[in-house]
Amino acid sequence: MIAYKFLRADGSSVYSAFRWPLPKSSPGAWVDAPIDPCRSGIHACRPADLPYWAGRSLYEIELDGEIVEAPTKLVASRGRLLRAIAAWENQLRDAYTRICADRAHELALGVSPALEKWDAVIEPSIPEGPALLGFVAARIAEQRGGAAAYRAERARQSAWLAERLGV
Amino acid sequence: MAEDLHLTCQEIVELATEFLEGELPAEQATLFEEHINLCDGCEWYLDQMRTTIATVGHIEEEQLPPEMRSRLLATFRHWRRS
């Protein structure tokens, strides 16, 4: 199964600090780990999960062995990085951050009474990057329309990312 | 009951030990990780905890300088009384 994985700029995992064998002219080496969601296993995401895990570098990963589907991620017993997704670079990260900020403003101000306290946090959050701005937009949607609105906003973000990343 | 979609920074602090010990249920651990991914402050807090555990977890009693040992004992004696 093909999935996606965000890593730090140095190729290490955000949560375990594990340094992945990176692909060069060929895929990286296989990595094996027993499955125990959030504790052990190869964690990756589907296109729909991308906004929840947006990070510095993005890779296409091949999963094999046992694969468990969780609400916002996949966990497998085996995986290897196939290639870096070059489209996820500074310009696209900045563009995604900006569209999330613009959408957050739209959601905060397009309701009566306006959610001014929420609106005030949007611009100062921009330097923190795409993961936070995606969350802020979804959180404002949730403030307006509950859990379903939160998920709908996340789905909107996923669609934007999937289209531009070609995944 | 409201559905939990995310955790606050305060909840991250409260749950950090359980997370690091692998004791959080999977759904809560996922929310924990989602928060860490977007909050630099909590990511640093978690890194500090990991560093502290990695460092202090390897200090044996006999490795402590006598002065530090005395201070720690005094601190814990006071803590027990309070």
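The chains referred to below are lettered A, B, ... by the order of the sequence lines, with proteins before strands, and numbering in each begins at 1. As the structure is a computational prediction, the values presented were derived from the model and not from experiment.
Tracing side-chain contacts under 4.5 Å through hydrophobic residues (I, L, V, M, F, W, Y), one never reaches A:Tyr4 starting from A:Phe18; they form parts of separate clusters. Both B:Met49 and B:Phe19 are part of a single hydrophobic cluster, where members link through side-chain heavy atoms under 4.5 Å apart. A chain of hydrophobic side-chain contacts below 4.5 Å, direct or via other Ile, Leu, Val, Met, Phe, Trp or Tyr residues, connects A:Leu58 to A:Leu133. In terms of hydrophobic clustering, with Ile, Leu, Val, Met, Phe, Trp and Tyr side chains grouped at heavy-atom distances under 4.5 Å, A:Ile2 and A:Leu81 are assigned to different clusters. Residue A:Val167 is not grouped with residue A:Ile61 when hydrophobic side chains (ILVMFWY) are merged at heavy-atom distances under 4.5 angstrom, including chains of intermediate members.
Looking at A:Tyr52, both its backbone and its side chain come within 4.5 Å of chain B, counting heavy atoms on both sides. Heavy atoms of A:Arg8 lying under 4.5 Å from chain B belong exclusively to its side chain. For B:Glu21, no part lies near chain A; criterion is any non-hydrogen pair under 4.5 Å.
Between the side chains of B:His6 and A:Glu142, a donor-acceptor pair is found at a separation under 3.5 Å.
We find the OG1-CG distance between A:Thr72 and B:Leu31 to be 7.5 Å, quoted to the nearest 0.5 Å. With values rounded to the nearest 0.5 angstrom, A:Tyr15 atom OH is found 10.0 Å from B:Phe32 atom CZ.
Between B:Glu34 and A:Arg154 there is no salt bridge, since none of the side-chain N atoms of the basic residue sits less than 4.0 Å from a carboxylate O of the acidic one.
Of all residues spanning residues 65-73 of chain B, none has a heavy atom less than 4.5 Å away from chain A's heavy atoms. Annotation: residues 102-120 of chain A contacts chain B through no residue [non-hydrogen atoms, separation under 4.5 Å].
Other residues, nucleotides and ligands contribute at most 12 non-hydrogen atoms within 6.0 Å of the CD atom of A:Gln91.
Side-chain contact check for A:Trp53 versus B:Glu33: some heavy-atom pair is nearer than 4.5 Å.
When all heavy atoms of B:Asn37 and A:Ala54 are compared, the closest pair comes out as ND2-O, 3.0 Å.
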